[in-house]
Protein chains: 2
Amino acid sequence: MLKTLRVPEATVTRLSIYSRFLERLDRNGVTTVSSGEIAEGVGVSPAQVRKDLAYFGEFGTRGVGYNVKDLLKYTLKILGLDQEWSLAIVGAGNLGFALCTYRGFNVRGFHIAGVFDNDPTRIGKRIGHLEVQPLERFPEIVQSENIRIGVIAVPISAAQEVADLMVKNGLEAILNFAPVALNVPDHIEIRNVDLSVKLEILTFNLAFRAAQSL
Amino acid sequence: MLKTLRVPEATVTRLSIYSRFLERLDRNGVTTVSSGEIAEGVGVSPAQVRKDLAYFGEFGTRGVGYNVKDLLKYTLKILGLDQEWSLAIVGAGNLGFALCTYRGFNVRGFHIAGVFDNDPTRIGKRIGHLEVQPLERFPEIVQSENIRIGVIAVPISAAQEVADLMVKNGLEAILNFAPVALNVPDHIEIRNVDLSVKLEILTFNLAFRAAQSL
DNA sequence: TATGTTATGTGAATTTAATAACATGAGATC
DNA sequence: GATCTCATGTTATTAAATTCACATAACATA
Ligand SMILES: NC(=O)c1ccc[n+]([C@@H]2O[C@H](COP(=O)([O-])OP(=O)(O)OC[C@H]3O[C@@H](n4cnc5c(N)ncnc54)[C@H](O)[C@@H]3O)[C@@H](O)[C@H]2O)c1
Ligand SMILES: NC(=O)c1ccc[n+]([C@@H]2O[C@H](COP(=O)([O-])OP(=O)(O)OC[C@H]3O[C@@H](n4cnc5c(N)ncnc54)[C@H](O)[C@@H]3O)[C@@H](O)[C@H]2O)c1
């Protein structure tokens with residue numbers, strides 16, 4: 001089923017989006033879907049949808065389309081979401097709080113197994129069914145909860161040391177919300193989520209493109 | 001100064017990142033920087049940095065590098081950040097709250113001019129110096145505060161109607177945090193921020209690539 | 001004033017990704 | 001059971017983005 005080919009990261013990104021779209025279709029009782037409908041639903045071209053899926057196998061039926069439940073299962077499998085992933089979130093501030101309470105992660109099989117902070121006034125506070133832990137307990141909880149992925153939600157100034165802590169404790173992947181480039185060893189998967197870049201793309205388009213057409 | 005060329009969105013994205021890196025350098029008293037140092041600092045190649053800047057003009061001095069203050073000013077100008085932008089955030093939930101309190105927006109010249117919700121229990125609550133407004137006041141405040149950009153932080157189910165409301169009230173750009181593709185007229189600039197796609201890229205890399213190398 | 005050094009700016013080459021076009025095969029129809 | 005329809009899967013084409021390589025110009029030095 002799985003071809004061996006370098007898969008563009010853009011394809012993986014779209015796969016994640018297709019997958020959640022399929023989830024919605026499935027919840028709505030839709031049983032079959034075409035590449036055109038997926039394309040329409042997520043805002044890409046039908047050829048793109050088929051191309052993306054083709055990296056991983058043949059999931060459809062010619063002349064018919066895709067079985068929603070099956071394709072959903074396949075996309076989840078491809079994304080590694082046929083298993084549960086435990087997360088550690090470091091930084092129980094505003095963003096950390098929002099992330100902890102976000103139900104969308106749970107739906108996709110993510111389990112927030114620990115939230116950590118170094119501010120004594122925050123430690124011990126409850127966020128939903130979670131309790132904010134002191135940073136000191138990080139190693140122990142990573143171990144006991146089998147956590148492989150860390151989320152950084154601390155200020156820029158603390159991001160690198162938190163990343164170092166995560167690496168030291170054997171985490172394999174890091175999702176970083178602090179807007180800095182972090183130094184980690186090559187074997188660590190790291191991705192940044194930047195909440196303001198897209199906003200500045202908007203202002204660029206409003207301001208610069210407007211100026212250009214003067 | 002400004003060449004007329006289609007600028008790749010990836011270039012604008014990186015420009016936003018360079019710009020914030022330059023801000024850090026400037027705060028640290030650094031006066032001159034090379035494309036190599038910028039590249040190092042943000043995690044791209046030096047050629048990429050120069051190529052990106054070349055879309056907009058010549059900002060450096062050969063043999064020397066770039067003047068940090070000047071280049072910062074130019075990048076801000078290019079991104080449209082030489083002016084203040086008023087934002088309306090709709091959805092005063094966990095994410096909306098985090099966005100409202102995030103100081104990083106202010107630093108870059110964004111001014112949150114209104115936060116709106118339709119939940120009576122949330123309306124009137126204070127978030128920092130802001131007060132959550134009922135959706136009914138949206139048209140009036142958009143007008144009086146000269147708001148051109150809207151931020152959607154409501155659940156998926158309400159996102160399209162909020163987008164429609166924004167379009168109807170003359171907003172020109174939308175930043176959408178709900179993980180759905182929204183339908184808006186062509187003249188509206190819209191970008192989605194998806195907080196979980198990157199997480200699923202991580203699991204893909206951990207799970208799929210691991211499986212491939214078996 | 002000539003020379004050496006250094007990092008920019010840019011055109012060409014390469015790589016990568018997206019689009020288009022079409023052959024294929026599954027199912028429906030007659 | 002032959003034929004027709006339709007949407008997939010795939011190859012070919014086009015487009016886009018990135019990297020490379022080097023000529024260029026500013027500055028420092030002698
Ligand atoms: N809030 C937003 O909407 C938003 C938007 C864009 C980017 N970000 C980024 O996300 C990160 C978090 O933002 P926030 O708004 O939640 O900030 P915040 O100040 O509300 O929370 C940061 C938390 O990290 C904790 N912390 C600081 N140093 C620590 C350390 N060494 N170890 C453990 N915990 C530590 C603090 O005690 C605090 O609770 C920042 O890097 C910010 O730039 C946030
Ligand atoms: N919280 C996160 O970390 C996170 C992560 C990823 C994506 N998101 C997305 O961001 C969005 C907001 O998430 P959240 O966690 O803040 O949810 P939330 O439930 O905490 O907040 C949503 C808010 O929107 C308000 N609302 C609902 N319908 C509305 C309407 N028609 N008009 C105005 N307000 C309305 C609700 O009253 C509520 O206050 C969702 O689409 C979610 O999928 C959130």
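Everything numeric in this text was worked out from a predicted model, so none of it was measured. Proteins come first, then strands; the chains are lettered A, B, ... in the order of their sequence lines, and each starts at number 1.
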Starting at atom [atom1] of [X], determine the distance to atom [atom2] of [N], rounded to an integer number of angstrom.
{"X": "B:Asn67", "N": "C:dA7", "atom1": "CG", "atom2": "P", "value": "16 Å"}
{"X": "B:Glu40", "N": "C:dA7", "atom1": "CD", "atom2": "P", "value": "14 Å"}
{"X": "A:Phe59", "N": "D:dT8", "atom1": "CZ", "atom2": "P", "value": "14 Å"}
{"X": "B:Ile38", "N": "C:dT8", "atom1": "CD1", "atom2": "C1'", "value": "11 Å"}
{"X": "B:Phe56", "N": "C:dT8", "atom1": "CZ", "atom2": "P", "value": "18 Å"}

Within 6.0 angstrom of A:Glu40 CD, more than 12 heavy atoms from elsewhere: no
Where protein sits on nucleotides 16-22 of chain C, one letter per nucleotide: B base, S sugar-phosphate only, - none, heavy atoms under 4.0 Å: -SSBBB-
Per-nucleotide protein contact string for nucleotides 23-30 of chain C (B base, S sugar-phosphate only, - none; heavy atom under 4.0 Å): -BBB----
Test item: side-chain donor near acceptor, A:Thr203 and B:Arg108, under 3.5 Å: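 Absent: no donor and acceptor within the cut-off.
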For [X], enumerate each residue passing the salt bridge (Lys or Arg N to Asp or Glu O under 4.0 Å) test, keeping only those at least two apart in sequence or located in another chain.
{"X": "A:Asp70", "value": "none"}
{"X": "B:Glu84", "value": "none"}
{"X": "A:Glu172", "value": "A:Arg148"}
{"X": "A:Asp164", "value": "none"}

Test item: B:Ile149 and B:Ser86 side chains (from C-beta on) under 4.5 Å apart, heavy atoms: no
Side-chain touch A:Leu199/B:Phe105, heavy atoms, less than 4.5 angstrom: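 The answer is yes, as the side chains (C-beta and beyond) meet within the 4.5 Å cut-off.
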